[in-house]
There are 2 protein chains.
Amino acid sequence: MLQEILGELKRRGCRITEQRQTIIEAVLAVAGSRFTAYDVWERVKAIQPELGLDTIYRNIKLLEELGFLASIGGVGKEGNRYEVAGRDHHHHLVCLRCGKTECIDYCPIDDVLVNLVQERGYDLVRHQLELMGICRTCRQ
Amino acid sequence: MLQEILGELKRRGCRITEQRQTIIEAVLAVAGSRFTAYDVWERVKAIQPELGLDTIYRNIKLLEELGFLASIGGVGKEGNRYEVAGRDHHHHLVCLRCGKTECIDYCPIDDVLVNLVQERGYDLVRHQLELMGICRTCRQ
DNA sequence: CTTAATGCAAAACCTTTGCATTGGC
DNA sequence: GCCAATGCAAAGGTTTTGCATTAAG
């Protein structure tokens, strides 16, 4: 995955800086859960303390444009969250207490819904389902 | 609805100020679509120009605590959106271009999903489905 | 009269942007 | 050496907070 991203960046004429590589590695390391720009920053700071949040944002935006990351909104007042794209279509199960997120590989979107959207005159672009609950650990 | 809210506020020992009443009326007026604090402010300013956004936020927070409003996140970089609570369970259809929101009174959550969540050890508290597309007006 | 609510201003967030400097290529 | 990317600082937008003042009860 790392090589694939670096390759595409080169093909696009982007430069592979130390910072950029560190950021991409950090993003891939937290992949699996949805992360904020700040999450990435915390990881990256340990390796390159001078690296600023602005650089994180710029790189996240770049990766988003290239289709490697997808913005998936955030809950409450936390900032935007992102996840690594390219995974099969899926939804999220979020623990309301600890924020832990799991992916659900099942999609309940059915014809009824698709028709409803069409009737209202919308072109459906995407959708997201968020299941919120309390995980086993937090319940104890 | 207005009377119900005012009654509960009094019962709680809150004071009914002109500003508060104007805000609640504005909130109820935009009910049906999801609104931001700014949306409310624009309506309210016409009636009480001195009323500040801070007062809107304070009152929205209060109404949220009393259970009359629910925060339902926002799309992209727009601020939080709210809606009047107590309505039947429903989901949302959002136009990605203009932000307009419609309610969908159909819920596709099925047994497969409920079982999946249980298997993972979560108590399902709530869920939200967001259908995103481009509305007829914006497509032209 | 008491004290909750407001108005104002300032701060706290998250995110973006301008510009000089650095460093890939 | 060229120009993309970074670092820094500052600005934008949303939301919160402190504090003196106003007004509901």
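In what follows, every chain begins at residue 1, and chains take the letters A, B, ... in the order their sequences are listed. These numbers come from the heavy atoms of this one structure, side chains and all, not from hydrogens, waters or symmetry mates.
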Inset, instruction - Taking atom types as modelled, find out whether B/Y57 and B/N80 have a side-chain donor-acceptor pair closer than 3.5 angstrom. - result: no
Legend entry - Exercise: do B/T55 and B/Q19 side chains pair donor with acceptor under 3.5 Å: no
In whole Å, I'd like the distance from the [atom1] atom of [X] to the [atom2] atom of [N].
{"X": "B/L51", "N": "D/dT21", "atom1": "CG", "atom2": "C1'", "answer": "16 Å"}
{"X": "A/L6", "N": "D/dA4", "atom1": "CG", "atom2": "P", "answer": "19 Å"}
{"X": "B/I23", "N": "C/dT6", "atom1": "CD1", "atom2": "C1'", "answer": "10 Å"}
{"X": "A/Q21", "N": "C/dG23", "atom1": "CD", "atom2": "C1'", "answer": "15 Å"}
{"X": "B/I56", "N": "C/dT6", "atom1": "CD1", "atom2": "C1'", "answer": "12 Å"}
{"X": "B/N80", "N": "D/dT16", "atom1": "CG", "atom2": "C1'", "answer": "13 Å"}
{"X": "B/W41", "N": "D/dT14", "atom1": "CH2", "atom2": "P", "answer": "10 Å"}
{"X": "B/L66", "N": "C/dA5", "atom1": "CG", "atom2": "P", "answer": "11 Å"}

Legend entry - Within-4.5 Å side-chain heavy-atom neighbours: A/E102 and A/C135: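 Not in contact.
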Inset, instruction - Output yes when at least one side-chain N/O atom of B/T17 is less than 4.0 Å from OP1 or OP2 of D/dA23, else no. - result: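 Checking D/dA23 against B/T17, no side-chain N or O comes under 4.0 Å of OP1 or OP2.
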Legend entry - Distance test, side-chain N/O of B/T55 to OP1/OP2 of C/dG7, below 4.0 Å: yes
Legend entry - First encountered from the 5' end of DNA chain D, between B/Q19 and B/A37: B/A37
Inset, instruction - Output the single nucleotide from D/dT15, D/dA5, C/dA4 whose closest atom is nearest the side chain of A/C14. - result: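 The answer is D/dA5.
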Legend entry - Of the listed nucleotides D/dA24, C/dG24, C/dG7, the one nearest the side chain of A/R15: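 That would be C/dG24.
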Inset, instruction - Could you check B/Q48 against A/K61 and say which one's nearest nucleotide on DNA chain C is further toward the 5' end? - result: B/Q48
Inset, instruction - For A/N59, answer base if it contacts any base atom (sugar-phosphate contacts may also be present), sugar-phosphate if it contacts only those atoms, and nothing otherwise; contact means non-hydrogen atoms under 4.0 Å. - result: sugar-phosphate
Inset, instruction - Looking at every strand, decide which applies to B/R20 at a 4.0 Å heavy-atom threshold: base, sugar-phosphate, or nothing. - result: sugar-phosphate
Inset, instruction - Inspect the contact between B/R43 and B/D39 and indicate whether a charged nitrogen and a carboxylate oxygen are less than 4.0 angstrom apart. - result: no
Inset, instruction - Spell out yes or no: do the side chain of B/D54 and the base of C/dC8 have one donor N/O and one acceptor N/O closer than 3.5 Å? - result: yes
Inset, instruction - Using a cut-off of 6.0 Å, state whether more than 12 heavy atoms not belonging to A/D105 lie near its atom CG. - result: yes
